[in-house]
Amino acid sequence: QVRLAESGGGLVQPGGSLRLSCATSGINFSIYTPAWYRVAPGKERELVESISSEGGTNYGDFVNGRFTISRNNARSTMLLQMNSLEAEDTGVYYCYVRARGREFWGRGTQVTVSS
């Protein structure tokens with residue numbers, strides 16, 4: 001079975017930091033391009049960051065250098081280090097992988113940025 005499991009969300013003040021993790025199983029993680037998406041209140045789903053097997057990255061326009069994506073192939077895990085968080089970053093963050101011709105999503109982890 002293919003499983004994606006996000007963790008690391010929580011409540012943080014504006015300007016603070018969080019590190020999200022996506023643990024995967026059931027796939028040969030090292031050959032795929034996983035991504036973080038988010039759904040903010042009242043907004044459509046949007047790409048946060050993706051990272052290819054070679055380490056290439058794509059970013060949403062709102063990232064502005066604040067977030068860093070990385071991967072640990074030995075642990076089949078993707079990380080998202082988020083700094084300088086703003087209230088507009090509030091939302092549910094999802095791990096996504098397209099593998100074996102199918103799309104797989106985690107259940108999401110809630111990020112709330114509020115004072």
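Quantities reported herein were computed from a predicted structural model and do not represent experimental measurements.
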Work out which heavy atom in [X] is nearest to a heavy atom in [Y]; give both atom names and the distance.
X	Y	result
G8	L18	O-CD2, 3.8 Å
R71	P34	NH1-CD, 3.5 Å
M78	C95	CE-SG, 3.6 Å
E49	T68	OE2-N, 3.6 Å
T33	S50	CG2-CB, 4.4 Å

Treating Ile, Leu, Val, Met, Phe, Trp and Tyr as nodes and any side-chain heavy-atom pair under 4.5 angstrom as an edge, say whether L79 and V48 lie in one connected cluster.
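They do not share one cluster, since no chain of ILVMFWY contacts under 4.5 Å joins L79 to V48.
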Non-hydrogen side-chain atoms of [X] and [Y] separated by less than 4.5 Å:
X	Y	value
Y32	F104	no
L11	S114	yes
R100	V2	yes
D61	V63	no

Starting at [atom1] of [X], measure out to [atom2] of [Y] and round the result to the nearest 0.5 Å.
X	Y	atom1	atom2	result
L4	C22	CG	SG	5.0 Å
Y59	N64	OH	CG	12.0 Å
L80	F67	CG	CZ	6.5 Å

Can you list the other members of the hydrophobic cluster that holds V92, where links are side-chain heavy atoms under 4.5 angstrom apart?
Y37, V39, L47, Y94, Y96, W105
Among D89, L20, V12, exactly one meets side-chain contact (heavy atoms from CB on, under 4.5 Å) together with M82. Which residue is that?
L20
Taking side chain to side chain donor-acceptor pair (under 3.5 Å) as the test, write out the residues that go with R3, two or more places apart.
Q1
Begin with the C-alpha distance, continue with both residues' side-chain angles, and end with the deciding distance and a verdict on side chain to side chain donor-acceptor pair (under 3.5 Å) for N72 and S70.
CA-CA 7 Å; N72 187 326; S70 62; over 6 Å; no
Exam field: side chain T90 to backbone T112, donor-acceptor pair closer than 3.5 Å
no
Starting from the C-alpha separation in whole Å, work towards a yes-or-no answer on side chain to side chain contact (heavy atoms under 4.5 Å, CB included) for F29 and T77.
CA-CA 8 Å; F29 177 78; T77 299; 5.8 Å; no
NZ/NE/NH1/NH2 to OD/OE distance under 4.0 Å, R38 and E46:
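Answer for the salt bridge query: yes.
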Could you note down all residue pairs passing side chain to side chain donor-acceptor pair (under 3.5 Å) where residues 13-27 supplies at least one of them, sequence neighbours left out?
S17-N83
